Amino acid sequence: MSLRIGRLRDWLIGALLLVALLVTVELAVGWSTLLAPWASFPPPTLIWLVALLALSYVLRAVRVYEYYVRRLEGRFVLVLRLSVLHNVANNLLPMRAGELVFPWLMRRYFGHDFLGAAFSLVWIRVLDLHFLGLIGLWILSLRHPSWIWWGLAGCWLAMLVVLAWVGRGGARWSPRSRPGRALARVAEAAPRDLGVVARVYLWTAASWSLKFAAFAGVLQHFMAVDFWRVLAGVMGAELSSVLPFHGIAGSGSYELAAVAALVPLGVDPRLALSGAVNLHLFLLGATLLFGALALLLPRASIDEND
């Protein structure tokens with residue numbers, strides 16, 4: 001099965017977003033001015049932040065391994081290769097075309113059903129969004145400390161019981177409508193074991209925590225603002241994936257989402273743009289590094305002739 005990576009229209013839109021970003025930065029800030037703070041970035045700190053991000057990638061692979069523990073047992077190195085390449089594709093390809101790499105590699109490396117793996121990825125993304133909701137509540141608590149945020153966090157965590165129930169009993173649904181059948185397939189792809197659900201969520205939480213720590217460390221170097229504002233900027237950038245458009249390597253859409261999160265919080269638009277672009281450059285640099293290292297990991301394929 002071959003993988004079609006995006007449509008021509010997606011690449012054209014992505015290219016337009018990239019050009020628009022290049023021009024906007026030059027006119028609003030100037031590329032030389034924007035990149036200048038990298039010269040004062042302490043190398044040990046930068047290496048430490050890259051290491052945190054690398055560890056978050058490893059934990060994402062652990063999450064996938066736990067999700068498919070019976071099918072993938074004893075094959076973690078190959079799972080790590082798959083997970084990193086999936087994240088690299090997500091970071092580089094336009095219009096979220098990189099998400100297709102996950103089910104494609106699951107089929108190629110492990111013989112997993114393509115649609116089944118795609119529906120499993122939907123479940124994983126739900127857990128991602130759930131934990132990002134917790135981070136959002138934490139940001140609000142940093143801005144306006146109050147016990148109410150702890151109460152809301154408890155209620156938000158209780159929603160995991162509903163998600164677990166979907167995996168345990170929701171798969172028995174037999175809806176007739178097309179959306180209902182799609183939801184039923186997602187439910188079928190969910191892990192049945194509550195222990196697996198808990199472990200997958202914990203690895204999700206650990207991975208996102210490390211990623212936010214790394215990104216916040218980078219963004220704060222370029223923006224001398226309150227820490228909760230830095231976290232809000234990181235949140236906005238990461239939520240760019242839900243936008244209806246996504247540029248090549250996230251260019252344009254990534255920065256737009258970060259700036260949209262920061263400017264209403266009182267951050268100067270030029271400062272927000274500079275921080276967002278430099279954070280994105282850090283992400284892309286790490287992406288290329290991790291992708292190159294992943295290609296060095298042992299590879300296996302169910303069907304080399306596919």
Side-chain angles (χ1 to χ4, degrees), residues 13-50 52-53 56 91 94 129 132-146 149 208-287:
I13 294 175
L16 288 174
L17 288 170
L18 175 59
V19 172
L21 174 66
L22 294 174
V23 173
T24 299
V25 169
E26 181 59 35
L27 294 177
V29 182
W31 278 101
S32 58
T33 301
L34 181 141
L35 297 174
W38 282 106
S40 61
F41 210 127
T45 302
L46 185 59
I47 292 172
W48 169 244
L49 295 176
V50 171
L52 285 180
L53 187 59
S56 79
N91 291 339
L129 289 173
L132 286 176
L134 278 183
I135 295 180
L137 290 173
W138 181 43
I139 294 172
L140 290 173
S141 72
L142 291 175
R143 183 181 186 183
H144 296 298
S146 172
W149 306 120
W208 275 108
S209 297
L210 289 176
K211 187 176 185 180
F212 261 73
F215 282 7
V218 172
L219 191 55
Q220 195 148 46
H221 175 75
F222 296 96
M223 291 178 17
V225 299
D226 295 336
F227 183 63
W228 68 269
R229 287 187 171 89
V230 171
L231 290 176
V234 174
M235 175 71 81
E238 287 303 297
L239 288 178
S240 65
S241 61
V242 304
L243 292 174
F245 51 86
H246 187 74
I248 297 174
S251 55
S253 52
Y254 191 91
E255 287 78 12
L256 175 63
V259 171
L262 289 167
V263 172
L265 301 178
V267 179
D268 179 78
R270 293 184 180 182
L271 181 63
L273 178 61
S274 297
V277 172
N278 281 305
L279 176 61
H280 198 185
L281 291 175
F282 171 80
L283 170 61
L284 293 179
T287 294

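Only heavy atoms go into these numbers, but all of them, side chains included; no hydrogens, no water, no symmetry mates. Everything numeric here is computed off the predicted structure, so don't read it as measured data. For the single chain, residues carry numbers from 1 onward in sequence order.
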TODO: Specify the closest pair of heavy atoms between His280 and Ser251, including all atoms of both residues, with the distance to one decimal.
DONE: CE1-N, 3.5 Å
Task: Spacing of Leu284 atom CG and Leu279 atom CG [to the nearest 0.5 Å] - done: 9.5 Å
Open item on the list: Show me the pairs that pass salt bridge (charged side-chain N to carboxylate O under 4.0 Å, His left out) and involve residues 210-234, at least two apart or across chains.
Closed with: Lys211-Glu238, Asp226-Arg229
Task: Rounded distance (nearest 0.5 Å) linking atom CG of Leu35 with atom CG of Leu281 - done: 6.5 Å
TODO: Not counting sequence neighbours, which residues clear side chain to side chain donor-acceptor pair (under 3.5 Å) with Asp268? List them please.
DONE: none
Open item on the list: Using side-chain heavy atoms (C-beta onward) and a distance below 4.5 Å, is Phe222 in contact with Pro37?
Closed with: yes
Task: Min side-chain heavy-atom separation Thr24-Glu255 under 4.5 Å - done: no
Task: Atom of Ile248, atom of Ala15 and distance for their closest heavy-atom approach - done: CD1-N, 3.6 Å
Task: Nearest non-hydrogen partners of His144 and Trp149, listed with the distance - done: O-NE1, 2.7 Å
Task: Met235 versus Leu132, closest heavy-atom pair with distance - done: CE-O, 3.2 Å
Open item on the list: Is any side-chain heavy atom of Phe215 closer than 4.5 Å to one of Leu52?
Closed with: no
TODO: Apply ring-ring contact (aromatic ring centres under 6.0 Å, His included) to Phe41 and list each qualifying residue two or more places apart in sequence or on a separate chain.
DONE: Trp38, His221
- [ ] With sequence neighbours excluded, tell me which residues meet side chain to side chain donor-acceptor pair (under 3.5 Å) with Trp228.
- [x] none
Extract all donor-acceptor atom pairs below 3.5 Å that involve side chains of residues 134-141 and protein atoms in other chains or at least two apart in sequence.
from	atom 1	to	atom 2	distance (Å)
Ser141	OG	Trp138	O	2.6

Task: Gly236 to Ala261 - nearest heavy-atom pair and separation - done: CA-CB, 3.9 Å
Task: Beyond-backbone contact of Ser56 with Leu53, side-chain heavy atoms, under 4.5 angstrom - done: yes
Open item on the list: So Val225 and Leu271, do their side chains get closer than 4.5 Å, heavy atoms only?
Closed with: yes
Open item on the list: Distance check, rounded to the nearest 0.5 Å: Leu283 atom CG versus Asn278 atom CG?
Closed with: 12.5 Å
Task: Sequence-distant partners of Val25, side-chain contact (heavy atoms from CB on, under 4.5 Å), two or more places apart - done: Leu21, Trp31, Leu34, Leu273, Val277
Task: Minimum heavy-atom distance between Val230 and Leu219, given as atom pair plus value - done: O-CD2, 3.6 Å
